[in-house]
Each structure stands twice: as structure tokens, then as C-alpha cells.
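Below you'll find the structure, written out as C-alpha cells, and then a few comments.
Each ligand, and each atom within it, is numbered from 1 in the order the structure gives.
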Amino acid sequence: MRKKIVAANWKMNLTLHEGADLVNELFKGMPTLTESKIVVIAPPYVNLHQTSSQLAGMMNVHLGAQNCHHEAAGAYTGEISAAMLQSAEVAYVIVGHSERREYCKEDDATIAKKVNQALAHGLNVIFCCGEPLEIRDADTQNQYVESQIKAGLFHLGEERLDNIVIAYEPIWAIGTGRTASTTQAQDMHKHIRSVIAAQYDAHVADAMPILYGGSCKPSNAAELFACADVDGGLIGGASLKAGEFLGIIEAMVAAN
Ligand code: PEP
């Protein structure tokens, strides 16, 4: 049975105190999770240590990071390596988020190296892909997302795919309040699964969690998570408020 995952991406939000308060609130309201229905919380780097201690008492809630560097170590002022994340007890790392692709000019080759660094240090990768609005308007989103997946993941052997989660995040839906329809989400998730099946095999594709991201909130989470190929969500804005994030987690727990 493939995992269902709701992952919080706090982005560049919340101070240490605010982050601690949010995790305390989540702790109070967290529904019962299992090994196959899990939560990931990816705070800013400075919060990792504190959040790790807070998560110690929470079953099936894992620590995530929002990025890692593409080299193992060295003279990269201000950067954080996958080995550092591993030593901070991080279990998941977000790679290839559209904000990093755009604002930090991360290209496919760099993202593929980050995937390698993360896997080499025992981290699970939440690999983000998704098209801008002009690609959606031109109806070429399937080819666009397929090429991101090929460039970022297809150099990996099948055995590494166990540690990969894909997050489909249409850029036009991120932080805009505009969510993909259930048909748009399901069609793309099904396409992604077929792309993985064609390169690897149906078994690998079937086991891979594919998350939706883009203005997901309690009011639309249940219908998105009811789609056959949507295995949860990567949540930005709504992960910053305990009540909203818990509502989304509850939708994942209730989904078949
Ligand atoms: C994201 O940036 O990963 C995201 C899904 O953001 P939001 O939920 O705010 O659209």
C-alpha cells in the first residue's frame, strides 16, 4: 500500500518562538497517524533542531528541510549540505521547488545533483515539478512536467525510487488561491505515474506517493485526496495555521 503524506512547507515564515507554538498546537490536535499515513514538517533551517525535539513525542510525524546544497561540502557560504541535514535528524528534503527554480535559478542539472546528495545521505526526497501558466494555457503541461521528471530522476536506479516522493505543484496555483480542479490534478498525477511506469515498471509507479501542491486548504483537501492518484499534499500557506493544517491532515487520514 503506498503512503499518503501531508507535508508542510513553512517557506521563509515563522520565528523560533512562532514555530514552537505552531508545533505545540499541532501536537494537541494531531489525529492518529500510521506508517502509511504520515505528516512531514519542513520549517526553516534554524528551526530544525527545535522542531526535531518537539517531534520526538509525535508518532509518524517526520522532520523535513526545504532545500539542500548540490555539493557534498566546501566553500559555499550560507549553504547547508545533505550530510548536515542527516545529522540534524531530517528525514525528508524538498528539492526543485518552483520558488527555488525561479528565484535561485536552480536548473534541472543542479536539481538532479541535489537529489543525489540527498539520497546519498539517507534522506527521502520530495521532488517538486509543475508548469507555469503559459504552459498550461498552451496545453503542453504533460510534456513540460515529464521533462522535469526525466531530468531530475531518470538517472536513478529503480532501487532508489523507494525514497522518492513526487509533488506536482502547478505554479499558477501556488500561493494564488487558485487550486487545480480535481480533474486537472488527477489527470496530471495519472500522467506522472505512467511516465514512471514507462521508465521503470508498474510496480515502482504504483508504490510512489504523488502529492498535490497549490492552494490546498481544508475546504478542498478532501476532494483532491479522493482522486485515485493523489496521495496527499505539499502545503504552503495553510501549513502556517494549526487549525487549517490539521484540517488538511484529517482529510488525508479520512481518505481511502
Ligand atoms: C508550495 O509552495 O509548496 C505550496 C503548495 O504553497 P501554497 O499551499 O501556499 O499554494
Side-chain angles (χ1 to χ4, degrees), residues 4-14 18-19 22 26 38-45 47 51 62-68 90-106 111 114-115 118 123-133 135-136 141 144-145 148-149 152 164-182 184-186 188-189 192 209-225 227 229-252 255:
K4 290 195 188 292
I5 304 172
V6 167
N9 174 12
W10 290 2
K11 311 191 186 188
M12 197 174 73
N13 291 297
L14 307 183
E18 289 164 346
L22 174 55
L26 294 174
I38 68 166
V39 168
V40 176
I41 297 179
Y45 290 139
N47 297 57
T51 307
H62 301 274
L63 187 62
Q66 298 174 19
N67 179 39
C68 69
V90 168
Y92 286 80
V93 60
I94 298 168
V95 172
H97 193 282
S98 59
E99 287 155 11
R100 294 204 59 89
R101 289 181 193 258
E102 182 181 350
Y103 305 136
C104 307
K105 306 290 170 239
E106 290 185 3
I111 290 165
K114 287 178 187 239
V115 169
L123 303 173
N124 295 293
V125 172
I126 300 178
F127 177 86
C128 299
C129 55
E131 79 286 356
L133 189 56
I135 296 290
R136 172 61 64 168
Q141 64 274 4
Y144 188 93
V145 168
Q148 288 179 317
I149 291 174
I164 304 288
V165 174
I166 292 180
Y168 167 59
E169 301 203 301
I171 296 170
W172 45 270
I174 295 180
T176 59
R178 183 176 163 189
T179 316
S181 69
T182 50
Q184 287 171 324
Q186 169 57 23
M188 178 58 82
H189 284 227
I192 291 171
I210 306 177
L211 314 185
Y212 168 79
S215 300
C216 185
K217 38 192 183 276
S219 58
N220 59 27
E223 61 174 6
L224 284 163
F225 300 168
C227 298
D229 289 289
V230 178
D231 305 310
L234 178 55
I235 317 297
S239 72
L240 299 172
K241 294 194 180 116
E244 289 195 22
F245 192 52
L246 287 167
I248 295 170
I249 295 168
E250 269 153 25
M252 185 255 307

Residues forming a side chain to side chain contact (heavy atoms under 4.5 Å, CB included) with Glu102, sequence neighbours excluded
none
Heavy-atom closest contact (Met252 atom, Ile5 atom, distance)
SD-N, 4.3 Å
Evaluate the side-chain proximity of Val95 to Glu106: yes if any heavy-atom separation is below 4.5 Å, no if none is.
no
Polar pairs, ligand 1 vs protein, N/O only, below 3.5 Å.
residue  : atom   : partner : partner atom : Å
ligand 1 : 2 (O)  : Lys11   : NZ           : 2.5
ligand 1 : 2 (O)  : His97   : NE2          : 2.8
ligand 1 : 3 (O)  : His97   : NE2          : 3.0
ligand 1 : 3 (O)  : Glu169  : OE1          : 3.2
ligand 1 : 3 (O)  : Glu169  : OE2          : 2.6
ligand 1 : 6 (O)  : Lys11   : NZ           : 3.4
ligand 1 : 8 (O)  : Gly236  : N            : 2.9
ligand 1 : 9 (O)  : Gly237  : N            : 2.8
ligand 1 : 10 (O) : Gly175  : N            : 2.7
ligand 1 : 10 (O) : Ser215  : N            : 2.7

Minimum side-chain heavy-atom gap Ile210-Asp229 below 4.5 Å
no
N/O donor to acceptor pairs below 3.5 angstrom from side-chain atoms of residues 233-247, sequence neighbours left out:
residue : atom : partner : partner atom : Å
Ser239  : OG   : Ile235  : O            : 3.2
Ser239  : OG   : Gly236  : O            : 2.7

Can you name the side chain to side chain contact (heavy atoms under 4.5 Å, CB included) partners of Asn124, sequence neighbours left out?
Tyr92, Asn163
